[in-house]
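Just below is one structure, and these are the notes that go with it.
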Amino acid sequence: MKSLMRWGAVLGLVGSALLGPTLSGNMQALALSEEQIMQKLRPVPVFTITDAQGAPLIASVANGGKPSSVAGVFISQQDAQAFVEQLKTKNPQLAQAVKVVPVSLAEVYKMDKANEGKAEGVDFTYVPMKGQVDSAVALLRQQGQQVNQFNGVPMFMATGGPENGYLTIQRGNEQVIPVFFKKEDLQAMLDKFKQQQPDLAAKVQIKVVNLEGVIDTLQKSNDQELNQIVLVPPRETLEFLRTLPQAPKP
């Protein structure tokens, strides 16, 4: 499992959101190739707990009466570290041998794909940020849906305009559709948008989806505009990774 230490391009995307979003038309209806999916997931940092050999920490859980191996993938570095702190009280010896490691979401996706159909394979379970789960449930309730819980890792995007199109931002020479892991990061972009285009911004609505569904859509959908989707990690994750020692360039 490879650690990632360079996130400048993603941090630049977060900043570019302040340059002025626009509203695209509705997504039209070629599924992305595996390499295209990997390219979209590669800049997204997530966190795993690894043992002394660098392998993901595995838990054995009952699944339909049969034990299965599960490894947690944390969206938040703080949540991953909190798990290690809890482990110190439950299993101090094990806790001394583990650490929180940032990895690319593409690496998790690649390993998950490699384990598909294998009886002894490891299932990777995404651990969402509780605050974002609460935000997702509250948002869905505000929009009239009767929900008590949110399954998966919530992600947030904005729609609006006469065709209820997706909010896009300019990145270089292309328009991209940002999908945020934190509602607050999307809201910060919308606040800037309101200053620039208040009439249009008044009609913008935040939509919530889940990461697992986004990845599944990238794999199966024939929507050409999927190429425009860019996953935007939490700002504090990017800031944390900037504090880590830079890996030497090859």
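Keep in mind it's a predicted model, so treat the numbers as computed, not measured. We're numbering straight along the sequence, starting at 1.
- Residue Q81 qualifies as enclosed at atom CD: its count of foreign heavy atoms under 6.0 Å is above 12.
- A donor-acceptor contact shorter than 3.5 Å is absent between the side chain of Q132 and the backbone of M155.
- In terms of heavy-atom proximity, F150 sits nearest to A136 at CD1-CB, 3.9 Å.
- Atom CZ of F240 and atom CZ of F47 lie 5.5 Å apart (nearest 0.5 Å).
- The backbone N or O of A106 lies less than 3.5 Å from no partner atom in the side chain of K40, so there is not a single donor-acceptor pair.
- Counting only heavy atoms from C-beta outward, the side chains of L231 and L211 approach each other to under 4.5 Å.
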Please assess D79 against M129 for the test side-chain contact (heavy atoms from CB on, under 4.5 Å), listing each intermediate value before the final yes or no.
CA-CA 7 Å; D79 289 347; M129 294 177 281; 3.9 Å; yes
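- A side-chain donor-acceptor contact under 3.5 Å links S104 to the backbone of R42.
- The two residues K207 and L139 make their nearest non-hydrogen contact at C-CD2, 4.4 Å.
- In this structure the side chain of F124 never reaches within 4.5 angstrom of the side chain of T48, judged on heavy atoms.
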Could you walk me through whether V137 and D134 pass the side-chain contact (heavy atoms from CB on, under 4.5 Å) check?
CA-CA 5 Å; V137 170; D134 293 342; 5.8 Å; no
D191 vs Q195, test: side chain to side chain donor-acceptor pair (under 3.5 Å). Steps then yes/no.
CA-CA 7 Å; D191 290 343; Q195 296 176 12; over 6 Å; no
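- We find the CD1-CG distance between I206 and L186 to be 4.5 Å, quoted to the nearest 0.5 Å.
- Within the structure, every pair that satisfies the salt bridge (charged side-chain N to carboxylate O under 4.0 Å, His left out) test and touches residues 177-187, not counting sequence neighbours, is listed here: K182-E236.
- Contact check for F193 versus L167: side-chain heavy atoms found under the 4.5 Å cut-off.
- Within 6.0 Å of the CD atom in E35, the count of heavy atoms belonging to other residues, nucleotides or ligands exceeds 12.
- Once rounded to the nearest 0.5 Å, the distance linking CD of Q187 with CE of M189 reads 9.5 Å.
- Smallest separation of non-hydrogen atoms from V232 and P178: CG2-CB, 3.9 Å.
- Separating the CD atom in Q96 from the CG atom in L87 is a distance of 10.5 Å, to the nearest 0.5 Å.
- Looking at V147 and R141, their side chains come closer than 4.5 Å, going by heavy atoms from C-beta outward.
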Kindly determine whether Q219 and I37 satisfy side-chain contact (heavy atoms from CB on, under 4.5 Å), including the steps that lead there.
CA-CA 7 Å; Q219 291 175 304; I37 294 173; 3.7 Å; yes
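- Pairing each heavy atom of A80 with each of I49, the nearest pair is O-CD1, 3.6 Å.
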Could you please spell out the steps behind the side-chain contact (heavy atoms from CB on, under 4.5 Å) verdict for I169 and V230?
CA-CA 10 Å; I169 61 175; V230 173; over 6 Å; no
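- Here the CG atom belonging to D112 is positioned 6.0 Å from the OH atom belonging to Y126, to the nearest 0.5 angstrom.
- Under a 3.5 Å cut-off, the side chain of Q228 and the backbone N or O of Q175 do form a donor-acceptor pair.
- Contact record, I75 with P128: CG1-CA, 4.2 Å, taken as the closest heavy-atom pair.
- Between P56 and V122, the closest side-chain pair of non-hydrogen atoms is not below 4.5 Å.
- Between F83 and V127 the shortest side-chain heavy-atom distance does not fall below 4.5 Å.
- The residues K110 and E107 are annotated as not salt-bridged, no charged nitrogen and carboxylate oxygen being separated by less than 4.0 angstrom.
- Atom OG1 of T217 sits about 9.0 Å away from atom CG of N210, to the nearest 0.5 Å.
- In terms of heavy atoms, S33 sits closest to Q36 at N-OE1, 2.8 Å.
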